[in-house]
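Remarks on the structure that follows.
In what follows, chains are A, B, ... by sequence order, proteins preceding strands, each numbered from 1.
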Number of protein chains: 2
Amino acid sequence: MVAGPLPTPSGPGKDRLRLWVRLLRASRSIEAELRERLRQEFNTTLPRFDVMAALYRAPEGMLMSDLSRFLLVSNGNVTGIVDRLVSEGLVARARRNGDRRTSMVRLTEEGSKTFAVIAAAHESWIGELLGNVSEDEARRLTGMLNSFRSNWEGRE
Amino acid sequence: MVAGPLPTPSGPGKDRLRLWVRLLRASRSIEAELRERLRQEFNTTLPRFDVMAALYRAPEGMLMSDLSRFLLVSNGNVTGIVDRLVSEGLVARARRNGDRRTSMVRLTEEGSKTFAVIAAAHESWIGELLGNVSEDEARRLTGMLNSFRSNWEGRE
DNA sequence: TTATGAAACTTCAAGCTTGAAATAATTTGC
DNA sequence: GCAAATTATTTCAAGCTTGAAGTTTCATAA
């Protein structure tokens, strides 16, 4: 949607529609800024950062399907991103004995070090970009977002 | 980012980081659902819907660069989407006498009719997907999102 | 067994997205 | 007037994204 400021329609449901538009514009703006900084400062991309962030939380590794589910993207998508991270030496696939269809994906030593540096910058960027949301307000907003997420998530 | 529930880190700035993660997950989930429905029910895509929504609000038409700025996407991106909408007969480019570099882009008659139908469905989907946010809560959330948007938007 | 079905991935075509380079038209400064 | 800078747009290569189709492996059960 990303509809805008001018007409300001009213009627039943318009407040929710407006909320959605703001939500989308906010996340797109911030995403664009993060994307740009990741490219400029670390020569990487948001999808790669996302995958590394997921793997960083899982030292034992994750299956491709775990990654796909966690990141809310398709299976085929993850394949490509992991391929690129592997070719950069940041991530490794480990064939498993138990089930030869699957492979555990994890950060390499280098991947882990690299991610730690990027993540620190990332967190400070978020602090900056959301600078005029107080920590208290942040907590309240987070709670509200949770409440509507639980409504329908995991349905499709 | 889209980091997740498990570790729940704490420290300075963590509340903002958590807010960002929730924000992103919420908008991605809803976006994915809208995308799916647009495809299934109307055989179209979110980017096309976005462009049509922008043009619907501007009967006199918009320049490519207006569209690009308004939708927060690159120039080259808009070119491709408009090309496809033109080939579907939903949008038209009109060369201008004044400045021959530019062209006014607007919805065709058919595009306008088509969009009205899709937009009605879209609005009801939003009502459904954000169903357990009260209208009142929606207004408050919208206000909060505004406040942090104004902080840094239009900087880059 | 062994076929039949399900599960985990990968591949593929089409479309979206970006940033950079190329084109074309207009504006500015001399 | 005219070269130089600016503006509006398109083109391009690379990467992201999806849904569908294809592969390989595993699980089930007749």
Side-chain angles (χ1 to χ4, degrees), chain A residues 2 24 27-29 31-52 61-88 91 93-105 156, chain B residues 2 24 27-29 31-52 61-88 91 93-105 156:
Chain A
V2 186
L24 191 50
S27 62
R28 281 191 186 175
S29 305
E31 241 183 308
E33 181 69 16
L34 293 177
R35 198 182 300 280
E36 170 73 2
R37 294 189 186 193
L38 284 172
R39 192 179 61 85
Q40 297 274 358
E41 317 253 328
F42 297 107
N43 190 35
T44 189
T45 67
L46 205 44
R48 287 176 215 194
F49 180 82
D50 288 348
V51 166
M52 294 182 81
M62 290 177 84
L63 301 180
M64 295 298 282
S65 41
D66 293 338
L67 272 172
S68 159
R69 200 167 17 255
F70 182 69
L71 297 174
L72 308 175
V73 300
S74 68
N75 261 334
N77 188 356
V78 176
T79 298
I81 297 167
V82 167
D83 283 352
R84 280 172 218 108
L85 286 170
V86 167
S87 78
E88 290 171 356
V91 153
R93 282 185 173 92
R95 219 80 215 167
R96 293 202 303 170
N97 289 345
D99 185 338
R100 274 175 309 181
R101 290 170 302 181
T102 67
S103 56
M104 277 308 230
V105 181
E156 69 235 283
Chain B
V2 185
L24 191 50
S27 62
R28 282 192 185 175
S29 305
E31 242 182 306
E33 181 71 15
L34 292 177
R35 198 182 298 280
E36 170 74 2
R37 294 189 187 193
L38 284 172
R39 193 179 60 84
Q40 296 274 359
E41 318 252 328
F42 297 107
N43 189 36
T44 190
T45 67
L46 205 43
R48 287 176 214 193
F49 180 82
D50 287 348
V51 167
M52 294 181 81
M62 290 177 84
L63 300 181
M64 295 298 281
S65 41
D66 293 338
L67 273 171
S68 159
R69 202 169 14 255
F70 182 69
L71 297 173
L72 308 176
V73 301
S74 68
N75 262 334
N77 189 356
V78 176
T79 298
I81 298 167
V82 168
D83 283 351
R84 280 172 217 108
L85 286 170
V86 167
S87 78
E88 289 171 356
V91 154
R93 281 184 175 93
R95 220 78 213 169
R96 293 200 306 168
N97 289 346
D99 186 337
R100 274 175 310 181
R101 290 170 303 180
T102 65
S103 56
M104 277 307 231
V105 181
E156 69 236 283

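- Scanning all heavy atoms of the two residues, the minimum distance from A:S68 to A:S74 falls at OG-C, 3.7 Å.
- Each end of the helix from C:dT1-D:dA30 to C:dC30-D:dG1 yields a helix axis from five base pairs, and these two axes differ in direction by 0° (to the nearest 10 degrees).
- For A:R93, the side-chain hydrogen bond (donor to acceptor under 3.5 Å, both in side chains) partners at least two apart in sequence or on another chain are A:D83.
- Interatomic distance, B:E36 CD to B:R39 CZ, rounded to the nearest 0.5 Å: 4.5 Å.
- Summarising the geometry, the separation between CG on A:N77 and P on D:dG19 is reported as 10 Å, rounded to the nearest angstrom.
- In this structure, B:R84 has no salt bridge (charged side-chain N to carboxylate O under 4.0 Å, His left out) partners at least two apart in sequence or on a different chain.
- Applying the salt bridge (charged side-chain N to carboxylate O under 4.0 Å, His left out) test to B:R96 and every residue at least two apart in sequence or in another chain returns nothing.
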Are any protein N/O atoms closer than 3.5 Å to N/O atoms in nucleotides 4-8 of chain D? If there are, list each pair with its distance.
{"from": "D:dT7", "atom 1": "O4'", "to": "B:R101", "atom 2": "NH1", "distance (Å)": "3.4"}
{"from": "D:dT7", "atom 1": "O2", "to": "B:R101", "atom 2": "NH1", "distance (Å)": "2.5"}

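- You can see that DNA chain C meets the heavy atoms of chain A within a 4.0 Å-exclusive cut from C:dA7 to C:dA20, reading 5' to 3'.
- For A:V73, the side chain to side chain contact (heavy atoms under 4.5 Å, CB included) partners are A:L71, A:N77, A:V78, not counting sequence neighbours.
- A salt bridge (Lys or Arg N to Asp or Glu O under 4.0 Å) check over residues 72-81 of chain A, counting only residues at least two apart or in different chains, returns nothing.
- Pairs engaging residues 65-75 of chain B under the salt bridge (Lys or Arg N to Asp or Glu O under 4.0 Å) rule: B:D66-B:R69 [sequence neighbours left out].
- Every residue was checked against the side chain to side chain contact (heavy atoms under 4.5 Å, CB included) condition with A:R100, not counting sequence neighbours, and none meets it.
- The residue A:R95 sits apart from the nucleic acid: no heavy atom pair falls under 4.0 Å.
- The residue among A:T45 and B:Q40 whose nearest nucleotide of DNA chain D lies closer to the 5′ end is A:T45.
- Contact annotation for B:R48: backbone-only contact, meaning every heavy-atom pair under 4.0 Å involves sugar-phosphate atoms and none involves a base.
- For the atom pair A:F70 CZ and A:D50 CG, the distance stands at 9.0 Å (nearest 0.5 Å).
- Two residues, A:R100 and A:V73, neighbour DNA chain D, and the one matched to the more 5' nucleotide by heavy-atom proximity is A:V73.
- Under the rule for a side chain to side chain contact (heavy atoms under 4.5 Å, CB included), the partners of B:T45 that lie at least two apart in sequence or sit in another chain are B:P47, B:R48.
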